[in-house]
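Shown next, in structure tokens, is the structure this report addresses.
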Amino acid sequence: MSAPPSRVAVFGAGYVGLVTGACFADLGHTVVIRDVLTDRVEALQRGEIPIYEPGLAELIEANRERLTFTTSVAEAIEGADFVYVAVGTPPTYSGDADLSAVWMVIDELPAIDRPCIVVMKSTVPVGTGLKVRHRLDARGLTHVGYASNPEFTAEGTAVKDFLHPDRIVVGAFREDDGDAVVALHGGIEGPVVRCDVASAEMIKLAANAALMTRISFINEIANVCEATGADVVRVAEGIGLDRRIGPSFLRAGIGFGGSCFPKDSLALKQLAANSGYHFQLLNAVIEVNELQKRRVIGKLHSHLGSLRDKRVALLGLAFKPHTDDMREAPSLVLAGRLLAEGADVRAWDPVVDGRDLHGVEIAATPEVAAAGADAVVIVTEWPELTTVDWASVAATMRTPVLIDGRNLLDPARMEASGLRYEGIGRAAEVREG
């Protein structure tokens, strides 16, 4: 199903809002992105993109004629056929999703006197759509439609994920509202899942929970591999070839981070608890992930003993490659623990400037970060690290220890380079004790 070009208002100029707006503009729609941060909007108007996302800057520049930015609600809403809500829903202290920005958008909507559809792109708890529907009805906006259209874009591949999706999920209270949202995606090929609003909200949370579970599962297997002498890389390959399992998200490491997984795991856990259900599996997934980030400290202790006055280089700061997002990044935990134990910490990242990491010295290159270090830890699997001359790096280190927190490098090659290599779940033999 396709439709003529529409006018789309997107509230929120973060990762989700910018990608959503730019991609809809690329499909031929007229898009206005509204944000409350004046500095951010002014930067976007000048052509400066406040986030690092491959392909996004080029997409925005190519669609300048159809894509504008504003702080004005009235300007954004004027003539809009769709109002996309793409604001943040961070966790509160209780673990619930903070919906204050969502309610601000809904309450700021003027008395729209024409047909229009509010579409929820933000990740929200199940039941939010029904509450929004009641709020709109209470204001006499019964003619304004509502639909849930959750996002399934991963940072680093967000543009590709939007334009070439695994699926497009649309939940609506009225069939024609759902039809209109599906038609808005005309030009994008991918399976369309039509459902009720509550199911659409749950699909997003459940999808992330499934991916998090796979990550924590393979990390648990990696920990057992270290205790028994097995190699988790070979184990993951062996089980991933089973068509019932598949290879995705079976890469052992030091845990997940970012803006979605940690937040959504807490939101789903709290949603279940508020409903009277104890989500035991998800609790274990969260606990495993938190402990996994700290296992690197134990590995450093096994090689160096006390970390006081030891120099440790962290290579990679972003929670994953091809993004500058530091939210819930494992590097934050590692840097904090190392500094607390008296270590001297250096770090390198090709995108993150690291200026907010107090007490951490930022180096211009991996080689500079590693010079004179007692240990190097690969925290983010940036492809640049695969081309480093590790033999030269080993020669500059005080103690040539390399902890590969992402199993990015070949152990035999690293050993041949003069490094004492240790990955995650790749123990060659069972260590005494």
Side-chain angles (χ1 to χ4, degrees), residues 8-21 33-36 82-109 116-139 141 144-155 158 162 165 167-174 177-178 181 193-212 258-275 277 279 282 327-328:
V8 181
V10 178
F11 280 69
Y15 281 89
V16 174
L18 285 176
V19 171
T20 298
I33 299 180
R34 188 258 178 171
D35 200 276
V36 297
F82 299 87
V83 176
Y84 264 78
V85 182
V87 295
T89 55
T92 63
Y93 287 115
S94 67
D96 294 285
D98 181 356
L99 300 182
S100 57
V102 170
W103 294 124
M104 182 180 295
V105 173
I106 300 303
D107 292 340
E108 284 182 337
L109 292 178
C116 175
I117 303 173
V118 173
V119 187
M120 188 61 64
K121 201 71 172 173
S122 301
T123 302
V124 295
V126 179
T128 301
L130 187 60
K131 294 177 183 177
V132 173
R133 179 70 270 165
H134 289 162
R135 206 139 170 172
L136 292 172
D137 292 346
R139 293 180 54 197
L141 299 177
V144 174
Y146 181 86
S148 174
N149 177 214
E151 58 89 14
F152 298 98
T153 54
E155 291 181 34
F162 191 102
R167 73 290 205 192
I168 299 170
V169 175
V170 178
F173 294 111
R174 299 192 295 242
D177 290 339
V181 174
V193 177
R194 295 290 298 273
C195 57
D196 58 275
V197 171
S199 294
E201 294 166 340
M202 181 58 85
I203 287 171
K204 168 62 177 179
L205 294 172
N208 278 353
L211 297 176
M212 289 182 279
S259 63
C260 289
F261 283 1
K263 170 180 71 71
D264 293 350
S265 63
L266 292 175
L268 182 53
K269 171 186 172 181
Q270 196 62 34
L271 175 68
N274 293 343
S275 303
Y277 182 73
F279 204 147
L282 189 55
R327 285 174 287 184
E328 302 294 332

request  = State, yes or no, whether a side-chain contact exists between V118 and V85 at a heavy-atom distance under 4.5 Å.
outcome  = yes
task = Could you grab the distance from atom CZ of F173 to atom CG of L136, nearest 0.5 Å is fine?
result = 9.5 Å
Short N-O contact, D107 and R139, less than 4.0 angstrom = no
key: Between OG1 on residue T128 and CE on residue M120, distance to nearest 0.5 Å   = 7.0 Å
request  = Considering non-hydrogen atoms only, spot the tightest contact between G21 and V10 and give its length.
outcome  = CA-CG2, 4.1 Å
inquiry  = Set out, in order, the CA-CA distance, both residues' side-chain angles and the distance that settles side chain to side chain contact (heavy atoms under 4.5 Å, CB included) for I33 and L18, then state yes or no.
reply    = CA-CA 8 Å; I33 299 180; L18 285 176; 4.1 Å; yes
remark   = Closest heavy-atom pair, A86 versus V16, reported as atoms and distance to 0.1 Å, is CB-CG1, 4.0 Å
query = Between the side chain of T89 and the main-chain N/O of V124, is any donor-acceptor distance below 3.5 Å?
reply = no
ask   = For R167, which residues count as a side-chain hydrogen bond (donor to acceptor under 3.5 Å, both in side chains) partner, sequence neighbours excluded?
value = none
inquiry  = I168 vs V193, test: side chain to side chain contact (heavy atoms under 4.5 Å, CB included). Steps then yes/no.
reply    = CA-CA 6 Å; I168 299 170; V193 177; over 6 Å; no
ask   = Is there a side-chain contact between L99 and S122 (heavy atoms, below 4.5 Å)?
value = no
key: Pairs flagged by salt bridge (charged side-chain N to carboxylate O under 4.0 Å, His left out) wherever residues 85-100 is involved - sequence neighbours left out   = none
Backbone N/O of A172 and side chain of R194: donor-acceptor pair under 3.5 Å = no
inquiry  = Does K121 have more than 12 heavy atoms from other residues, nucleotides or ligands lying within 6.0 Å of its NZ?
reply    = yes
remark   = CH2 of W103 to CD of E108, rounded to nearest 0.5 Å, is 14.0 Å
Set of residues satisfying side-chain hydrogen bond (donor to acceptor under 3.5 Å, both in side chains) with respect to R174, sequence neighbours excluded = D177
message = Just verifying a value: how many Å separate F11 CZ and M104 CE, rounded to the nearest 0.5 Å?
response = 11.5 Å
request  = Would you check if V83 and I117 make a side-chain contact, meaning some heavy-atom pair closer than 4.5 Å?
outcome  = no
message = Nearest 0.5 angstrom please: L282 CG to Q270 CD, how far?
response = 11.0 Å
Per-pair distances, 0.1 Å, donor-acceptor, side chain in residues 196-210, under 3.5 Å, sequence neighbours excluded:
{"residue": "D196", "atom": "OD1", "partner": "S199", "partner atom": "OG", "Å": "2.8"}
{"residue": "D196", "atom": "OD2", "partner": "A198", "partner atom": "N", "Å": "3.3"}
{"residue": "D196", "atom": "OD2", "partner": "S199", "partner atom": "N", "Å": "2.9"}
{"residue": "D196", "atom": "OD2", "partner": "S199", "partner atom": "OG", "Å": "3.1"}
{"residue": "E201", "atom": "OE1", "partner": "G127", "partner atom": "N", "Å": "2.8"}
{"residue": "E201", "atom": "OE2", "partner": "G129", "partner atom": "N", "Å": "2.7"}
{"residue": "K204", "atom": "NZ", "partner": "E151", "partner atom": "O", "Å": "2.9"}
{"residue": "K204", "atom": "NZ", "partner": "E151", "partner atom": "OE2", "Å": "3.2"}
{"residue": "N208", "atom": "ND2", "partner": "D264", "partner atom": "OD2", "Å": "2.7"}

remark   = Rounded to the nearest 0.5 angstrom, the OH-CG distance for Y277 and L271 is 12.5 Å
message = Looking at S265 and F261, would you say the former's side chain and the latter's main chain have a donor-acceptor pair under 3.5 Å?
response = yes
Intermediate values then yes/no, side chain to side chain contact (heavy atoms under 4.5 Å, CB included), V169 and N149 = CA-CA 6 Å; V169 175; N149 177 214; 5.5 Å; no
request  = Heavy atoms only: give me the nearest D35-A13 pair and the separation to one decimal.
outcome  = OD2-N, 2.8 Å
note = Residues at least two apart in sequence or cross-chain that pass ring pair (Phe, Tyr, Trp, His ring centres under 6.0 Å) with F152, listed by chain then number, are none
note = Heavy atoms of F162 and T153 approach each other most closely as N-CG2, 3.9 Å
message = Run the ring pair (Phe, Tyr, Trp, His ring centres under 6.0 Å) test against Y84 and tell me which residues pass, sequence neighbours left out.
response = F24
